[in-house]
Amino acid sequence: MVSKTEETQLNRLENQVDNGGGGAWEYLCLVRKLKVRRSEKVLKHGLSILNDPKKRSALGPEEWTLYEQVAIAAMDCQCLDVAKDCIKVLQKKFPESKRVGRLEGMLLEAKGSWAEAEKAYSSLLEDNPLDQVIQKRRVAMAKAQGNISGAIECLNKYLEIFMADHDAWRELAEIYVSLQMYKQAAFCYEELILSQPTVPLYHLAYADVLYTLGGLENLQTAKKYYASTIDLTGGKNTRALLGICLCTSAIAQLSKGRNKEDKESPELQSLAATALEKDYKQRASDKLGLLTSALRSLKI
């Protein structure tokens, strides 16, 4: 995840390069370091270096890294001839390279030659079954073809080997949510929270899934995770504050007629409602009336 400072630095460099102030190579290096996709800019500024023999030779061994970066950006932009030319240069320099083999498979994907791409990836995996990049490309390829069940199968197999890959768990969770398979999504978020307990996004997503599943136990647990999201964000997560209020209302409905011991203290939801109203006053005062009306309908 890119920090605000890194994003500011990247945008500043991008504006500098776009306005002819130099620094194209530094910009391309930062894009690679932050692992962000600025494909059109990478293609434009990368080609400006590769097409200038003097600038290209000044890169030394980094020249080949730039060819790879431009090839991927060109595929993103559907400039397949440019990608093909870059890959040819790399093939000539590194004729037996598995890394270049991956690029060849990606080019086949970009062309929509799914069967050929699958064949190329399978061949590469025979030599190295633990190649994470190719495993992920197969997931992306299944999704691109609309084969969601195939993507789920590939991701589950991948996670059996690479259990610490947070991005893969999150991807799987989001696919399950899109298919309304909330129990499976909840399991994925539990794994993410266990491995990264201080990331508020996972607490919030887990709470949302539990709230959607419903039932008294799930709602009570969802409320706890909305509360932990608020704690981790210093009380600044509007969605989690609203989640507290929604859970409280739903729990109250399900707890009617139960013993007083089963009912929860109104303090937390009162604090959440007050914080929500304060937030709306500062950022969306014209919507404050709607919020107040909604909270009143929840009997908070």
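Along the sequence shown, the residues carry numbers beginning at 1. Keep in mind that this is a model prediction, so the values were computed, not measured.
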Gln196 side chain near His166 side chain, heavy-atom distance below 4.5 Å:
yes

Shortest non-hydrogen contact from Ile134 to Asp131?
N-OD1, 3.1 Å

Show your working on side-chain contact (heavy atoms from CB on, under 4.5 Å) between Ile148 and Ile175 and close with a plain yes or no.
CA-CA 8 Å; Ile148 303 302; Ile175 292 175; 3.6 Å; yes

Kindly indicate whether the side chain of Leu276, heavy atoms from C-beta on, has any atom under 4.5 Å from the side chain of Leu242.
yes

Name all residues meeting the ring pair (Phe, Tyr, Trp, His ring centres under 6.0 Å) criterion together with Tyr280; count only those two or more places apart in sequence or in a different chain, and write none if there are none.
none

Do you know which two heavy atoms are closest between Ala273 and Cys245, and how far apart they sit?
N-SG, 4.0 Å

Could you tell me whether the side chain of Ser255 and the main chain of Ala252 form a donor-acceptor pair under 3.5 Å?
no

Under the side-chain contact (heavy atoms from CB on, under 4.5 Å) criterion, do Arg38 and Leu10 qualify, and how do the steps go?
CA-CA 10 Å; Arg38 300 280 178 102; Leu10 184 64; 3.5 Å; yes

Gap between atom CG of Leu13 and atom CG of Leu28 - 0.5 Å precision:
10.0 Å

Using salt bridge (Lys or Arg N to Asp or Glu O under 4.0 Å), reason through Glu171 and Lys136 one step at a time and then give a plain yes or no.
CA-CA 11 Å; Glu171 174 81 4; Lys136 287 184 174 183; over 6 Å; no

Nearest 0.5 Å, please: how far is CG in Leu246 from CG in Leu241?
11.0 Å

Would Leu66 and Arg56 count as a side-chain contact (heavy atoms from CB on, under 4.5 Å) if you check the C-alpha gap in whole Å, the side-chain angles of each, and the deciding distance to 0.1 Å?
CA-CA 9 Å; Leu66 182 57; Arg56 190 174 69 240; over 6 Å; no

Lys278 NZ to Leu288 CG distance, which is reported to the nearest 0.5 Å:
13.5 Å

Heavy atoms, side chains only, cut-off 4.5 Å: are Arg170 and Leu201 in contact?
yes

Tell me, with the steps shown, if Lys183 and Tyr176 meet side-chain contact (heavy atoms from CB on, under 4.5 Å).
CA-CA 9 Å; Lys183 288 184 179 179; Tyr176 280 139; over 6 Å; no

Check: residues 40-48 side-chain donor-acceptor pairs under 3.5 Å, at least two apart:
unit_1	atom_1	unit_2	atom_2	d
Lys41	NZ	Asp18	OD2	2.8
His45	NE2	Asp18	OD1	3.0
Ser48	OG	His45	O	2.6

Only pairs under 3.5 Å count here: list side-chain donor-acceptor contacts from residues 118-129, not counting sequence neighbours, and write none if there are none.
unit_1	atom_1	unit_2	atom_2	d
Glu118	OE2	Ser122	OG	3.1
Glu118	OE2	Arg138	NE	3.2
Glu118	OE2	Arg138	NH2	2.4
Tyr121	OH	Met106	N	3.2
Tyr121	OH	Glu109	OE2	2.5
Ser122	OG	Glu118	O	2.9
Asp127	OD2	Lys98	NZ	2.8
Asn128	OD1	Leu130	N	3.2

Any link between Leu103 and Leu80 through a network of hydrophobic side chains (Ile, Leu, Val, Met, Phe, Trp, Tyr) touching at under 4.5 Å?
yes

Strictly distance-based, threshold 3.5 Å: is any side-chain N or O of Asp231 a donor or acceptor partner for the main-chain N or O of Ala227?
no

Measure the shortest side-chain to side-chain distance between Ile244 and Thr248 over non-hydrogen atoms and say whether it is less than 4.5 angstrom.
yes

More than 12 heavy atoms of other groups within 6.0 Å of Arg32 CZ
yes

Whether the side chain of Glu62 engages the backbone of Leu59 through a donor-acceptor N/O pair (distance < 3.5 Å, no angle test) should be reported.
no

Between Ala83 and Ala71, what is the shortest heavy-atom contact and its length?
CB-O, 3.6 Å

Residue pair Val139 / Cys154: nearest heavy atoms and the distance that separates them:
CG2-CB, 3.6 Å

Checking Asp279 side chain against Ala275 main chain: does a donor-acceptor pair fall under 3.5 Å?
no

Taking atom types as modelled, is there a side-chain donor on Asn147 or Ser149 under 3.5 Å from an acceptor on the other?
yes

Give me the atom names and distance for the closest heavy-atom approach of Gln78 to Ala110.
NE2-O, 3.6 Å

Is there a continuous path of hydrophobic side-chain contacts, each under 4.5 Å between heavy atoms, that joins Leu232 to Tyr226?
no

Look at the aromatic rings of His203 and Tyr225 and report parallel, tilted or perpendicular, splitting at 30° and 60°.
tilted

Cluster check Tyr211, Leu216: I/L/V/M/F/W/Y, side chain < 4.5 angstrom
yes

To the nearest 0.5 Å, how far apart are SG in Cys86 and NZ in Lys84?
13.0 Å

If you count every heavy atom of other residues, nucleotides or ligands that lies below 6.0 Å from Gln282 atom CD, does the total exceed 12?
yes

If you group Ile, Leu, Val, Met, Phe, Trp and Tyr by side-chain heavy-atom gaps below 4.5 Å, do Phe94 and Ile72 land in one group?
yes

Could you report the tightest heavy-atom contact between Gly215 and Leu254, atom names first, then the distance?
C-CD1, 4.0 Å

Around Glu217, counting heavy atoms of other residues, nucleotides and ligands shown, do more than 12 lie under 6.0 Å from its CD?
no

Using a 4.5 Å cut-off on heavy atoms from C-beta on, say whether the side chain of Leu268 contacts that of Lys223.
yes

Would a 4.5 Å heavy-atom cut-off, applied to side chains only, mark Phe187 and Trp169 as touching?
yes

Determine whether Phe162 and Leu192 fall in the same hydrophobic cluster, where Ile, Leu, Val, Met, Phe, Trp and Tyr are linked whenever their side-chain heavy atoms lie under 4.5 Å apart.
yes

Going from OH on Tyr67 to CD1 on Ile49, what distance comes out if it is rounded to the nearest 0.5 angstrom?
11.5 Å

Set out, in order, the CA-CA distance, both residues' side-chain angles and the distance that settles salt bridge (Lys or Arg N to Asp or Glu O under 4.0 Å) for Glu277 and Lys281, then state yes or no.
CA-CA 6 Å; Glu277 289 177 331; Lys281 277 180 187 177; over 6 Å; no

As an exercise, state the distance from OG of Ser228 to CG of Leu204, rounded to the nearest 0.5 Å.
9.0 Å

So do the side chains of Arg99 and Leu90 get within less than 4.5 Å of each other, counting heavy atoms only?
no

Does one side chain, of Thr238 or Arg283, offer a donor that lies under 3.5 Å from an acceptor on the other?
yes

Has the side chain of Gln145 got a donor or acceptor atom that lies under 3.5 Å from a matching backbone atom of Met141?
yes

